[in-house]
Asker: 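Next up is a structure, given as structure tokens.
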Amino acid sequence: MEINTFWNLVLKGIGLWLLMNCLYIFPQLTSLLLVSQIEDGWNSSISEISIGLFALFAYLYISVLFLFKSAWLIKVLKLERNFKESRLEISTSKHTVLKIIIVLIGGLTFIESLPSLIQNIYQFLQQKELITDYRDASWIVFDSLNSLIGYLFITNSSVIATFIDKQEEK
């Protein structure tokens, strides 16, 4: 495996990790809006909404940059310098390594979100409230989606790796 291919895979892995972590902005923004709307009304939440949306778009932009423009990042950051060898002796294909990275990120996401989902559902059932009245309903939805996305990353790693590879070529 060449040095550029190695860095390409590392940057794509970081991009996937960033993409998964940008999902945490949604429930935080929802909770922030609900609390600020109840306490101060909608007038004070405009700046909070704009900061939250800016953070979301920044995360998405950086994730897309790492996922689909990794060759450009390697060139700009000069990551291939300071290597004495031009090749790393790894006998696995680039596609297989990318699939492994996707499975690892999906597994970590699933493992992190499932206990939180179970805890939030348990607390919801103890409250005996309607889901619309439950204060942390956005976290239940978030943890459910996060667990589902982690599971889908694990089970569809080949499809995702193929998509990322095709987007890189464009």
Asker: Can Leu145 be reached from Ile160 by stepping across I, L, V, M, F, W or Y side chains whose heavy atoms are under 4.5 Å apart?
Answerer: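 Unlinked, Ile160 and Leu145 end up in two clusters.
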
Asker: Which distance, rounded to the nearest 0.5 Å, do you find between the CD1 of Ile101 and the NZ of Lys12?
Answerer: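 One gets 10.0 Å once the value is rounded to the nearest 0.5 Å.
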
Asker: Counting distance only, does the side-chain N/O of Trp7 pair as donor-acceptor with the main-chain N or O of Leu79 below 3.5 Å?
Answerer: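 Yes; judged by distance alone, with no hydrogens or angles, the pair exists.
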
Asker: Looking only at non-hydrogen atoms, find the nearest pair between Phe110 and Tyr151 and report the distance.
Answerer: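 Heavy atoms of Phe110 and Tyr151 come nearest at CD1-N, 4.1 Å.
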
Asker: If every non-hydrogen atom of His95 is compared with every non-hydrogen atom of Ala161, which pair is closest and at what distance?
Answerer: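 Taking every non-hydrogen atom into account, CE1-CB, 3.6 Å.
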
Asker: What is the minimum heavy-atom distance between Leu19 and Ser63, and which atoms define it?
Answerer: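 Of all heavy-atom pairs spanning Leu19 and Ser63, the closest is N-OG, 3.2 Å.
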
Asker: Counting C-beta onward and ignoring hydrogens, is there a side-chain heavy-atom pair between Tyr59 and Leu18 closer than 4.5 Å?
Answerer: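 The answer is yes, as the side chains (C-beta and beyond) meet within the 4.5 Å cut-off.
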
Asker: Is any side-chain heavy atom of Glu2 less than 4.5 Å from a side-chain heavy atom of Thr5?
Answerer: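 Contact flag for Glu2/Thr5 side chains = yes.
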
Asker: Any side-chain heavy atom of Phe142 within less than 4.5 Å of one from Leu117?
Answerer: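 They are not in side-chain contact.
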
Asker: For a 4.5 angstrom cut-off between non-hydrogen side-chain atoms, does Asn8 reach Asn4?
Answerer: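 Of all side-chain heavy-atom pairs linking Asn4 with Asn8, none is under 4.5 Å.
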
Asker: Is there a chain of hydrophobic side chains (I, L, V, M, F, W, Y, each step under 4.5 Å between heavy atoms) that links Phe66 to Leu56?
Answerer: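 As far as the 4.5 Å side-chain criterion goes, Leu56 and Phe66 are connected within one cluster.
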
Asker: Is there a path of hydrophobic side-chain contacts, each under 4.5 Å between heavy atoms of I, L, V, M, F, W or Y residues, that connects Val159 with Phe153?
Answerer: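 No; Phe153 is not reachable from Val159 via cluster members.
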
Asker: Do Gln119 and Asp143 make a side-chain contact, defined as non-hydrogen atoms from C-beta onward lying under 4.5 Å apart?
Answerer: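 They are not in side-chain contact.
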
Asker: With a 4.5 Å heavy-atom cut-off, do Trp17 and Leu108 have their side chains touching?
Answerer: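 Trp17 does not reach Leu108 side chain to side chain.
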
Asker: Taking only residues two or more places apart in sequence, or in another chain, which ones meet Ser113 in a side chain to side chain donor-acceptor pair (under 3.5 Å)?
Answerer: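 Scan of Ser113 (side chain to side chain donor-acceptor pair (under 3.5 Å), adjacent residues dropped) gives Ser147.
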
Asker: Do Val103 and Val10 share a hydrophobic cluster, counting only Ile, Leu, Val, Met, Phe, Trp and Tyr and linking them when any side-chain heavy atoms are less than 4.5 Å apart?
Answerer: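 Val103 does not cluster with Val10.
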
Asker: Measure the CG-OG1 distance between Leu9 and Thr96 for me, rounded to the nearest 0.5 Å.
Answerer: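 Reported to 0.5 Å precision, the distance equals 10.0 Å.
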
Asker: State the CG-CG distance between Leu67 and Leu16, to the nearest 0.5 angstrom.
Answerer: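 The CG atom of Leu16 is 5.0 Å from CG of Leu67, to the nearest 0.5 Å.
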
Asker: Does the side chain of Phe6 come within less than 4.5 Å of Glu80's, by heavy atoms?
Answerer: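 Heavy-atom side-chain distance check fails, nothing below 4.5 Å.
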
Asker: Do Lys69 and Val64 touch side chain to side chain, with heavy atoms closer than 4.5 Å?
Answerer: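 No. Closest side-chain heavy atoms not under 4.5 Å.
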
Asker: Kindly say whether Ser116 contributes a backbone atom to a donor-acceptor pair with the side chain of Asn120 at under 3.5 angstrom?
Answerer: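 Indeed, once roles are kept as given, a pair shorter than 3.5 Å links the two residues.
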
Asker: So if you build clusters from Ile, Leu, Val, Met, Phe, Trp, Tyr with side-chain heavy-atom gaps below 4.5 Å, do Ile111 and Ile100 land together?
Answerer: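 Not linked; separate clusters.
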
